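Quick notes on the structure that follows.
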Protein chains: 2
Amino acid sequence: MLHDPAQLDLMFQALADPARRQMVERLSRGPASVSQLAEPLAMSLSAVVQHLAVLETSGLVSTEKLGRVRTCRIEPNALRAAEHWINERRLAWERRLDRLGDFLTDINDQT
Amino acid sequence: MLHDPAQLDLMFQALADPARRQMVERLSRGPASVSQLAEPLAMSLSAVVQHLAVLETSGLVSTEKLGRVRTCRIEPNALRAAEHWINERRLAWERRLDRLGDFLTDINDQT
DNA sequence: GCAATACTGAAGTGATCACTTAACTATTTT
DNA sequence: AAAATAGTTAAGTGATCACTTCAGTATTGC
């Protein structure tokens, strides 16, 4: 479930917007209410709620409502999934370059 | 330049599409021509070229044309930038939880 | 109970997206 | 030189995006 392409779509899509990344950045320093998330952003509360919905369906953020306040927090497992996908691609490429390097020194040693 | 928000936008945006991620996956196993990238994808060559343009302006992929063949390769530094952003957020959150844990055991020990 | 607070939801808008087709250019191959 | 290959470019289309405003609904403080 960590490698579901549709899930990755949602996560990367969610992270592609600067406002949403700013919200994630804020939440990485601790939980916050919707208004607290909205405060530094130059847009309506409504827009923030919509961004929050994107973050929530992506699994990156979870929320809980108590009284009239919705508290939002980061979901580190989801972040790990995105991180993992990128890491795998980068490693595959770097391993490939290593093997290529080995191969080149090998045929050099054969002289 | 690794933390330029606009650059991160472009990278995450680029990774948000399954076709483009598939192209990056293919390229992580080694360089490929445009047609080779297109082969497993159920869309026109034209569409693939457009996806490739997105990947290239995001900095994730670089290309070079020799004769009539354009060869594409992954740009691991760009991948690292995306990885790094995610990693920082996740770590910030986890460190926060650790401190919170310490605090809770501390006030527990004070009984 | 009335006002302020903290959201929530629906509808609308202009911009961007992910394609398509079609016409074209440049390079090889035969 | 003609045909095949490999890619490029432009224009168009329907879908999705990132907002907006406006009208609502619970809570909470006075």
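Any value given below was found using the heavy atoms of this structure, including those in side chains, with hydrogens, waters and symmetry copies removed. Please read all numbers here as calculations on a predicted model, not as lab measurements. Protein chains get the first letters and strands the later ones, always in sequence-line order, with residue 1 at the start of each.
Rounded to an integer number of Å, the gap from CG of B:D9 to C1' of D:dC17 is 13 Å. Between the P atom of D:dT20 and the CG atom of A:L45 lies a distance of 11 Å, rounded to the nearest Å. Atom-to-atom, CG of A:D17 to C1' of D:dT16 comes out at 14 Å; the value is rounded to the nearest Å. Counting to the nearest Å, the P atom of C:dT20 and the CG atom of B:L41 are 11 Å from each other. If you take NZ of A:K65 and P of D:dT28, they are 10 Å apart, rounded to a whole angstrom. A:Q36 has its CD atom 14 Å from the C1' atom of C:dC7, to the nearest Å. One interatomic measurement links the two molecules: CD of A:Q13 to C1' of D:dC17, which rounds to 9 Å at whole-angstrom precision. Rounded to whole Å, the distance from CE on B:M43 to P on C:dT20 is 7 Å.
Both B:V69 and A:R20 sit near DNA chain D, but only B:V69 has its closest nucleotide nearer the 5' end.
Contact annotation: B:R68 side-chain N/O to D:dA4 OP1/OP2 distance is not under 4.0 Å. OP1 or OP2 of C:dC19 sits under 4.0 Å from a side-chain N or O of B:H51.
A donor-acceptor contact under 3.5 Å is not formed by the side chain of A:Q50 with the base of D:dC17. Donor-acceptor pairing under 3.5 Å, judged by distance alone, is present between the side chain of A:S46 and the base of D:dT21.
Residue B:R26 holds its CZ atom at 9.5 Å from CD of B:E39, rounded to the nearest 0.5 Å. The distance from atom CG of B:L52 to atom CE of B:M23, rounded to the nearest 0.5 Å, is 4.5 Å.
Counting only N and O atoms by type, the side chains of A:T63 and A:E56 include a donor and acceptor under 3.5 Å apart.
Relative to the ring axis of A:W93, A:R96 places its NZ or CZ within 45° and under 6.0 Å from the centre.
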